[in-house]
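Below is one structure, written out as structure tokens, with a few remarks after it.
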Amino acid sequence: MSDDSGSGALGPMEDLESFRARAKAWLADQVPGLAAGGVPAMGEGDGGQERAALAKRIQAALYEGRLAGPTFPVEYGGLGLTVAHRDAFNDEVRSYGADAVDLFNLVGGLWGLSIGMIAPTMLEFGTEEQKHTHIGGMLRGETLWAQMLSEPTGGSDLAGAITRADLDGDVYVVNGSKVWTSQADFSDMAVMLARTNWDVPKHAGLSMLIVDLTSPGLEIIPLRLSSGGTGFCQEFMTDVAVPKTNVLGTPGDGWNVASRLLVHERNTVGGGSTFHTMFVGRGSGGGTRRNAGVGSVGLARKVAGPGDADLVQDAMKDHVTNTVSGHLAARVVEAMAIGALPPAAGSMLRLFGSMAGITSSDITMEIAGTSAVAWPSDGSAPGSAVGVGYLGRQGGAMASGTAEIQRNIISERVLGLPREPAQDRDVAFKDVRTNTMPSGTAG
Ligand SMILES: Cc1cc2nc3c(=O)[nH]c(=O)nc-3n(C[C@H](O)[C@H](O)[C@H](O)COP(=O)(O)OP(=O)(O)OC[C@H]3O[C@@H](n4cnc5c(N)ncnc54)[C@H](O)[C@@H]3O)c2cc1C
């Protein structure tokens, strides 16, 4: 039964049924108000800011309702419960229906980076102060986070980062540029990979910094996409001062921190996170979702006639792939938990998920037909969201590392095949031959 210790959370002893009943009651009480204005669409006007504001309101309401961060430790604002509790909440969301599913797909999408990826990395590497301040801030719905890893010189070779952070007294002075930073234009904080030592090989000279996105000298430029939205940004740092206490982990250990961050990212994106907040998932529709974000099964229900055998076959192919994806996630997560697979196995989920996403996008586009190519401006056509989604189809398979990179990781770190050759592995980074080093850096 409940351990109502007055700690702000119900405590680790709350049983599943009591948690489920509270979740059900909370949804009945909160969803009508939270869903009243609808979920602002991506790619329309100031959609990103409005979506972020709503996602923060929902997360804050969850925290108030003692439902936020089920698997996070109580001392950092979580509930100290189990994945089964988190899953029970998601079951209740699905049972509630389309309004709740829409809201929690938003929460899953926008808080995934913070709560699914950065907070678990902080649990592993953060100081007590960092954990209390930042994980608590996320779970209370106050601070959205971004991750600044990729650079204009390349995202796959993350360890080749050339954004520099030079220690000057009590601060690091950061100069450089990051790119493809999801949701940077409406986030509050970020983790940033920067080079703090040029005299050691590339993997050894990096540090992970915690950066306030309102810092002077940090310019954030949203990048306009073909969908009309601004899903990510480029940032330029000119003498940005970051307190030296804002290193996550130890100075020079940034590659290790980034590697764990990426493991949490691949688990989150692949559907295998044990931390990710309430997330109902992409799925193949299942019939609960409304037009926006509707999957192939929901769409086929709307448009298929008795003679549309091919269309139904396609919808079933997508449905089966999504079902397999869910089972694969459960199996890989369990195997990682008992040590039967290494943490790098999260790349299997990411790879399968990106292939499934592309198939799903193609199939839903096919089913939606012309309604996914042109639609009335009120967005009422069944395929309007599908058409916009299709434009982001390839991007979804690149975020958190391309398919080639996932295959490299699986081959080297899961299957033990030989490593890729690298000319720069044991060379001081300043001596690595390149044509992209900032002037005055190369030795
Ligand atoms: C939707 C989306 C969201 C993103 N969000 C973020 C974010 O929030 N923060 C962030 O830091 N970054 C983000 N990214 C960037 C993303 O991580 C990079 O796009 C990705 O790592 C690839 O880097 P790149 O685009 O520079 O391509 P490159 O690294 O230049 O790669 C180009 C091509 O070469 C191939 N390639 C490169 N190296 C190898 C190799 N060793 N073996 C085989 N093939 C190779 C790649 O597979 C790719 O096809 C996002 C990207 C997308 C599309």
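Residues take their numbers from the sequence shown, with the count starting at 1. Computed from a predicted model, the values in this text were never measured in an experiment.
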CD1 of I220 to CZ of F232, rounded to nearest 0.5 Å, is 15.0 Å

- Item | SB check D188 K56 (cutoff 4.0 Å) | yes

Minimal heavy-atom distance between L193 and L149, with the atoms involved, is CB-CD2, 4.0 Å

Can R22 and E14 be said to form a salt bridge (charged side-chain N to carboxylate O under 4.0 Å, His left out), step by step?
CA-CA 11 Å; R22 280 201 307 115; E14 182 176 20; 2.9 Å; yes

Let me see the working for L27 and F89 under side chain to side chain contact (heavy atoms under 4.5 Å, CB included), right down to the final yes or no.
CA-CA 9 Å; L27 288 165; F89 185 93; 4.2 Å; yes

Rounded to the nearest 0.5 angstrom, the OG-CE distance for S360 and M355 is 13.5 Å

OH (Y172) and OG1 (T245) are apart, to the nearest 0.5 Å, by 10.0 Å

Exercise. Is the closest side-chain heavy-atom distance between T250 and F125 below 4.5 Å?
Worked result: no

Q) Considering only heavy atoms from C-beta outward, does the side chain of M208 approach that of T121 to under 4.5 Å? A) no

*Hey, is the main chain of A161 close enough, under 3.5 Å, to the side chain of R195 for a donor-acceptor pair?*
yes

Result for side chain to side chain contact (heavy atoms under 4.5 Å, CB included) between L261 and one of L113, L248, N256, V191 points to V191

Next on the checklist: Any side-chain to backbone donor/acceptor pair from T364 onto V386? Under 3.5 Å, distance only.
Outcome noted: no

Minimal heavy-atom distance between G38 and L54, with the atoms involved, is O-CD2, 3.9 Å

When every non-hydrogen atom of L144 is compared with those of Q183, the smallest separation belongs to CD2-NE2, 4.0 Å

For P201 and D426, the nearest pair of non-hydrogen atoms, with its separation, is CG-C, 3.9 Å

*asked:* With no hydrogens and no angle check, just 3.5 Å: does a side-chain donor-acceptor pair link N267 and S273?
replied: no

If you count every heavy atom of other residues, nucleotides or ligands that lies below 6.0 Å from E412 atom CD, does the total exceed 12?
yes

Beyond-backbone contact of L262 with M117, side-chain heavy atoms, under 4.5 angstrom = no

Q.
Would F104 and I58 count as a side chain to side chain contact (heavy atoms under 4.5 Å, CB included) here? Give the steps.
A. CA-CA 8 Å; F104 284 95; I58 301 169; 3.8 Å; yes

The side chain to side chain contact (heavy atoms under 4.5 Å, CB included) partner of K244 among T196, L167, D168 is L167

| query | Any sub-3.5 Å donor-acceptor pair from N175's side-chain atoms to D239's backbone N or O? | reply | yes

Classify the side-chain pair E235/S177 by whether it contains a donor and acceptor separated by less than 3.5 Å.
no

Handout entry: N197 side-chain N/O to G205 backbone N/O, donor-acceptor pair under 3.5 Å
Key = no

Between the OG1 atom in T181 and the CG atom in L213, the distance rounded to the nearest 0.5 Å is 9.0 Å

OH of Y390 to CD1 of I358, rounded to nearest 0.5 Å, is 9.5 Å

Q | side chain to side chain contact (heavy atoms under 4.5 Å, CB included) assessment of D431 paired with W198 | A | CA-CA 9 Å; D431 297 328; W198 300 72; over 6 Å; no

Ignoring hydrogens and geometry, is there a side-chain-to-backbone donor-acceptor pair from S361 to G357 under 3.5 Å? no

### Query
Hey, is the main chain of A25 close enough, under 3.5 Å, to the side chain of D29 for a donor-acceptor pair?
no

Practice task
Would you mind reporting whether M336 and R331 have side-chain heavy atoms less than 4.5 Å apart?
Solution key: no

**Asked** T163 and E151: side-chain donor and acceptor closer than 3.5 Å?
**Response** yes

When you compare the side chain of I135 with that of Q130, does any pair of heavy atoms fall below 4.5 Å? no

Correct closest heavy-atom pair for A88 and R20 would be CB-NH2, 3.6 Å

For a side chain to side chain contact (heavy atoms under 4.5 Å, CB included) check, start with the C-alpha distance between V31 and L34, then their side-chain angles and the critical distance, and finish with the verdict.
CA-CA 5 Å; V31 169; L34 290 168; 5.7 Å; no

Under 3.5 Å: donor-acceptor pair, side chain of R266, backbone of S400: yes

Please report, to 0.1 Å, the donor-acceptor pairs under 3.5 Å made by any side chain of residues 340-347, with sequence neighbours excluded.
from: S347; atom 1: OG; to: Q406; atom 2: OE1; distance (Å): 2.9

On a heavy-atom basis, the closest approach of V200 and A204 is CG2-C, 3.6 Å

| So does W180 have more than 12 non-hydrogen atoms from other groups sitting under 6.0 Å from CH2? | no

- Do the side chains of L391 and L225 get nearer than 4.5 Å, heavy atoms only? no

Contacts satisfying salt bridge (charged side-chain N to carboxylate O under 4.0 Å, His left out) that involve residues 342-365 (not counting sequence neighbours) are D362-R393

Give a yes or no answer on whether the side chain of W26 reaches the backbone of L67 with a donor-acceptor pair at less than 3.5 Å. no

_Tell me if a side-chain donor or acceptor on R164 pairs with a main-chain N or O of V174 at a distance below 3.5 Å._
no

Enumerate, atom names and distances included, each donor-acceptor pair closer than 3.5 Å involving a side-chain atom of residues 71-83, sequence neighbours excluded.
from: T71; atom 1: OG1; to: T274; atom 2: O; distance (Å): 2.8
from: Y76; atom 1: OH; to: E128; atom 2: OE1; distance (Å): 2.9
from: Y76; atom 1: OH; to: E128; atom 2: OE2; distance (Å): 2.9
from: T82; atom 1: OG1; to: A84; atom 2: N; distance (Å): 3.3
from: T82; atom 1: OG1; to: H85; atom 2: N; distance (Å): 3.3
from: T82; atom 1: OG1; to: H85; atom 2: ND1; distance (Å): 2.6

Output for pair (D87 CG, L16 CG), nearest 0.5 Å, gives 9.0 Å

Should F186 and L110 count as side-chain neighbours, where that means a heavy-atom distance under 4.5 Å?
yes

Task: Backbone N/O of K317 and side chain of T321: donor-acceptor pair under 3.5 Å - done: yes

In terms of ring plane angle, is the pair W145 and H134 parallel, tilted or perpendicular, where the classes change at 30° and 60°? perpendicular

* Asked: Is there side-chain contact between K430 and V432, with at least one heavy-atom pair below 4.5 Å?
  -> no

Is a salt bridge present between E92 and K24, judged by a nitrogen-to-oxygen distance below 4.0 Å?
yes

Review point. Hey, mind stepping through E265 and Q147 against side chain to side chain donor-acceptor pair (under 3.5 Å) and telling me if it holds?
Key: CA-CA 10 Å; E265 174 164 15; Q147 57 166 350; 2.8 Å; yes

